[in-house]
Amino acid sequence: MEFPSYLVYAAAWFAAIALLLKGFHLRRNKLNPPPGPKAWPIIGNLNLIGALPHRSLHHLSQKYGPLMQLKFGSHRVVVASSVDMAKEFLKTHDVSFSGRPKTAAGKITTYNYSDITWSQYGPYWRQARKMCLVELFSVRRVESYEYIRIEETRLLSKALYESKGVAVNLKNHLADVSLNVISRIVLGRRYLDGDENSIVTPNEFKEMLEELFLLNGVLNIGDSIPWLGFLDLQGYVKRMKVLAKKFDRFLEHVLDEHLSNKEVAGKDFVAKDMVDVLLQFADDPSNDVKLTRTSVKAFTQDLMAAGTESSAVTIEWAISELLKTPEIFAKATEELDRVIGRERWVEEKDIHSLPYIEAIVKETMRMHPVAPLLVPRRTREDVNINGYTIQSETNAFVNVWAIGRDPTLWEEPEQFRPERFVGKTMDVKGHDFELLPFGAGRRMCPGYSLAIKIIQSSLANLLHGFVWKLPAGADLNMEEVWGLSTPRKIPLVAVPEPRLPSHLYNDKC
């Protein structure tokens with residue numbers, strides 16, 4: 001008996017599906033995924049993640065261990081919550097964990113993953129990393145911008161002196177000085193002066209950067225459950241598109257200005273800022289990968305955002321913790337008076353003679369890392385860690401906030417105690433996995449050397465130049481808000497009282 005051809009095809013089709021399903025189940029049975037909570041259909045474990053994901057994941061790790069696997073919608077997620085697991089992700093298997101998740105924010109706000117942060121591991125990213133290490137953040141170039149950092153710190157001190165005895169929003173002042181430093185280094189001029197050549201107002205500029213950090217850190221439902229992405233249930237994608245248009249308009253203006261200046265200078269052109277360096281690098285015929293105008297815009301945006309946020313957030317948290325602990329404040333000012341005296345400001349070369357100030361910065365980064373889960377990575381292949389298989393295309397987080405709260409590493413981890421770092425060689429350069437504010441490995445923040453200089457010198461001078469107090473009757477709220485960074489939920493308002501001779505606040509430098 002001869003069967004109809006369509007039945008033969010149908011039987012072959014079902015047989016193929018059966019073989020595929022059998023192969024899938026066999027592979028699944030061979031895998032031994034890390035422990036973790038049982039996932040719900042569709043949403044996975046998103047129901048277990050609260051408004052502060054790093055805290056939610058820390059709580060879950062207490063039950064499931066320092067290496068656990070969850071599902072965010074349809075995506076596998078692994079979380080490292082200990083020093084040993086952080087080393088596995090960022091050192092032992094660094095290359096395997098060097099991918100990046102593809103998110104709506106990365107696609108929309110960073111020119112289709114064209115920046116340094118979100119670009120995929122490969123020739124393009126390696127070209128960008130080489131540019132950062134050799135050109136943008138070399139020791140020589142970072143030191144060449146010291147005069148800018150000094151001038152802006154002096155202007156901050158003058159502004160606070162003029163507000164003496166009056167409560168100020170410290171975050172606003174810190175954001176201004178950070179943004180002025182970074183915009184002068186990256187763009188070649190201050191963009192907060194609001195002159196006639198500015199294409200955005202100072203407030204718009206700051207709001208754009210804050211929105212960029214927020215939208216690149218949110219848990220967007222469309223990223224976790226792709227088939228719901230078109231609904232934009234939280235409204236984030238709409239905001240991303242609006243922000244992308246604003247940034248592109250601004251960055252087009254910046255590049256046009258720089259290219260015009262370069263054309264006028266001709267053969268006498270000398271790079272004065274990082275955008276100039278980027279444009280020169282893009283024109284270099286020896287590059288392995290051609291950098292386009294879009295690449296330069298993406299890199300410029302990345303440099304502005306990362307450089308501004310990390311320093312302002314860290315310094316605000318440091319002052320907040322010191323206001324809670326007056327005895328630590330007193331130790332810091334005693335060291336400053338003893339080493340620096342009261343007749344001059346702190347210079348960058350003084351920092352290594354101020355171990356207690358350095359310890360305060362490290363302790364702040366332990367308790368309040370700017371990016372508590374670092375920037376997420378994505379596995380490029382299957383990885384075996386401690387007998388557990390982590391499959392390729394799994395999103396990976398390192399919970400540095402949880403590592404900073406590990407009682408096996410830190411005595412009284414909830415207490416702000418800078419003394420724990422005094423006399424220790426532990427640093428923030430990615431070698432000591434107990435303290436990873438800038439990450440480690442290939443995808444460590446390339447601008448950490450510039451950020452740490454801004455943070456240390458700015459904080460030292462704020463403590464040297466002023467006594468800080470809370471307004472009468474005010475409470476010190478220490479809540480945080482989630483994004484790619486984790487700033488205070490309520491900006492710190494404090495009263496500065498000058499403690500140095502008045503003429504120092506008016507000296508330019």
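Both backbone and side-chain heavy atoms feed into the values below; hydrogens, waters and symmetry mates do not.
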Quiz item: What pair of heavy atoms forms the shortest contact from Phe466 to Ser157, and how long is it?
Solution: CZ-O, 3.3 Å
Practice problem: Would you please classify the geometry between the Phe247 ring and the Phe250 ring as parallel, tilted or perpendicular, with 30° and 60° separating the classes? | Solution: perpendicular
Exercise. Could you tell me whether Arg377 and Asp94 have a side-chain N and a carboxylate O separated by less than 4.0 Å?
Key: yes
Quiz item: Can any side-chain N or O of Arg129 pair as donor or acceptor with the backbone N or O of Arg442 at less than 3.5 Å?
Solution: yes
Quiz item: Are Lys262 and Asp283 within salt-bridge range, i.e. N to O under 4.0 Å?
Solution: yes
Practice problem: Compare all side-chain heavy atoms of Leu187 with those of Met304 and state whether any distance is below 4.5 angstrom. | Solution: yes
Quiz item: Could you state the interatomic distance from CD1 (Ile490) to NZ (Lys171), rounded to the nearest 0.5 Å?
Solution: 13.0 Å
Self-check item: Lys453 and Glu143 ion-paired at < 4.0 Å
Solution: no
Quiz item: Is a side-chain N or O of Asn477 found less than 3.5 angstrom from the main chain of Glu479, in a donor-acceptor match?
Solution: yes
Practice problem: Go through Arg189 and Ser183 one step at a time and tell me if the side chain to side chain donor-acceptor pair (under 3.5 Å) criterion holds. | Solution: CA-CA 6 Å; Arg189 69 182 178 92; Ser183 65; over 6 Å; no
Practice problem: Check the pair Asn220 / Thr103 against side-chain contact (heavy atoms from CB on, under 4.5 Å), numbers first and verdict last. | Solution: CA-CA 8 Å; Asn220 175 37; Thr103 64; over 6 Å; no
Self-check item: Stacked cation flag Arg405 on Trp410, 6.0 angstrom / 45 deg
Solution: no
Quiz item: What's the verdict on side-chain contact (heavy atoms from CB on, under 4.5 Å) for Glu321 and Met478, showing C-alpha distance, side-chain angles and the deciding distance?
Solution: CA-CA 9 Å; Glu321 290 289 353; Met478 298 293 281; 3.4 Å; yes
Self-check item: Counterpart residues, side chain to side chain donor-acceptor pair (under 3.5 Å), relative to Arg140 (two or more places apart)
Solution: none
Quiz prompt | Any donor-acceptor pair under 3.5 Å from Asp302 side chain to Ile116 backbone | solution = yes
Self-check item: Whether Asp406 side chain and Thr408 backbone form a donor-acceptor pair below 3.5 Å
Solution: yes
Quiz item: Does Asn395 use its side chain to pair, donor to acceptor, with the backbone of Val77 at less than 3.5 Å?
Solution: no
Self-check item: Partners passing side chain to side chain donor-acceptor pair (under 3.5 Å) against Glu210 (at least two apart in sequence or in another chain)
Solution: none
Quiz item: Which distance, rounded to the nearest 0.5 Å, do you find between the CD1 of Ile315 and the OG of Ser178?
Solution: 5.5 Å
Quiz prompt | Sub-4.5 Å side-chain heavy-atom contact between Val296 and Leu255 | solution = yes
Quiz item: Between the side chains of Glu419 and Tyr356, is a donor N or O closer than 3.5 angstrom to an acceptor N or O?
Solution: yes
Quiz prompt | Beyond-backbone contact of Thr486 with Val481, side-chain heavy atoms, under 4.5 angstrom | solution = no
Quiz item: For the ring pair Phe299 and Trp118, is the centre-to-centre distance below 6.0 Å?
Solution: no
Quiz item: Under the 3.5 angstrom rule, does the side chain of Glu363 hit a backbone N or O of Arg417 as a donor-acceptor pair?
Solution: yes
Self-check item: Note, Gln301 side chain near Thr110 side chain (heavy atom, < 4.5 Å)
Solution: yes
Exercise. Applying side-chain contact (heavy atoms from CB on, under 4.5 Å), run through Asp273 and Arg184 and close with a yes or a no.
Key: CA-CA 7 Å; Asp273 55 57; Arg184 289 178 66 184; over 6 Å; no
Exercise. Please name the pair of heavy atoms, one in Glu316 and one in Pro491, separated by the smallest distance, quoted to 0.1 Å.
Key: OE2-CA, 3.5 Å
Practice problem: Validate the cation-pi geometry between Lys158 and Tyr505: distance from NZ or CZ to the six-membered ring centre under 6.0 Å, angle to the ring axis within 45°. | Solution: no
Quiz item: Quick check: does any side chain N or O of Arg378 sit under 3.5 Å from a backbone N or O of Phe97, one acting as donor and the other as acceptor?
Solution: no
Practice problem: Ignoring hydrogens and angles, tell me if any N or O in the side chain of Lys362 forms a donor-acceptor pair with the backbone of Met426 under 3.5 Å. | Solution: yes
Quiz item: Taking the six-membered ring for Trp, are His54 and Trp482 ring centroids under 6.0 Å apart?
Solution: yes
Practice problem: Could you grab the distance from atom CG of Leu170 to atom CG of Leu462, nearest 0.5 Å is fine? | Solution: 6.5 Å
Quiz item: Would one find more than 12 heavy atoms of other residues, nucleotides or ligands at under 6.0 Å from atom NE2 of His352?
Solution: no
Practice problem: Rounded to the nearest 0.5 Å, what's the gap from CG on Asp284 to CG on Leu279? Could you check? | Solution: 13.0 Å
Quiz item: Within a strict 4.5 Å, meaning less than it, do heavy atoms of the Leu463 and Ile319 side chains meet?
Solution: yes
Quiz item: What do you reckon, is CZ of Arg249 surrounded by more than 12 foreign heavy atoms closer than 6.0 Å?
Solution: no
Quiz item: Do the side chains of Val493 and Val168 get nearer than 4.5 Å, heavy atoms only?
Solution: no
Self-check item: Minimal non-hydrogen separation, Glu343 against Pro501, with atom names
Solution: OE2-CG, 3.7 Å
Self-check item: Heavy-atom closest contact (Leu303 atom, Ile182 atom, distance)
Solution: O-CG2, 3.8 Å
Quiz item: Can you find a pair of side-chain heavy atoms, one from Pro437 and one from Val370, that are under 4.5 Å apart?
Solution: no
Practice problem: Taking all non-hydrogen atoms of both residues into account, name the closest pair between Leu67 and Met85 and its distance. | Solution: CB-SD, 3.6 Å
Quiz item: Should we count CG of Asp475 as having more than 12 external heavy atoms under 6.0 Å?
Solution: no
Quiz item: For Thr153 and Val177, which heavy atoms make the closest approach, and how far apart are they?
Solution: N-CG2, 4.1 Å
Practice problem: Please report the C-alpha distance between Asp115 and Lys297 in whole Å, then the side-chain angles of each, then the deciding distance to 0.1 Å, and finally whether the side-chain contact (heavy atoms from CB on, under 4.5 Å) criterion is met. | Solution: CA-CA 8 Å; Asp115 69 342; Lys297 289 190 291 185; over 6 Å; no
Practice problem: Quick one: do Glu135 and Lys130 satisfy salt bridge (charged side-chain N to carboxylate O under 4.0 Å, His left out)? Show the steps, please. | Solution: CA-CA 8 Å; Glu135 296 290 342; Lys130 175 184 175 183; over 6 Å; no
Quiz item: So, are Glu211 and Arg239 salt-bridged, with charged N and O less than 4.0 Å apart?
Solution: yes
Exercise. Look at Arg366 together with Glu434 and state whether they make a salt bridge at an N to O cut-off of under 4.0 Å.
Key: no
Quiz item: Given side chains that start at C-beta, do those of Glu358 and Val428 come closer than 4.5 Å, heavy atoms only?
Solution: no
Self-check item: Over 12 non-hydrogen atoms of neighbours within 6.0 angstrom of NZ in Lys87
Solution: no
Quiz item: What distance separates Met208 CE from Phe205 CZ, expressed to the nearest 0.5 Å?
Solution: 6.5 Å
Quiz item: Sub-3.5 Å donor-acceptor pair from the side chain of Ser114 to the main-chain atoms of Tyr111, do we have one?
Solution: yes
Quiz item: Rounded to the nearest 0.5 Å, how far does OG of Ser457 lie from CZ of Arg149?
Solution: 7.0 Å
Quiz item: With a 3.5 Å cut-off and no angle check, do the side chains of Tyr124 and Ser295 form a donor-acceptor pair?
Solution: yes
Practice problem: Test Thr364 against Thr314 for side chain to side chain donor-acceptor pair (under 3.5 Å), laying out the working first. | Solution: CA-CA 7 Å; Thr364 302; Thr314 300; over 6 Å; no
Quiz item: Just by distance, do the side chain of Glu480 and the backbone of Lys489 share a donor-acceptor pair under 3.5 Å?
Solution: no
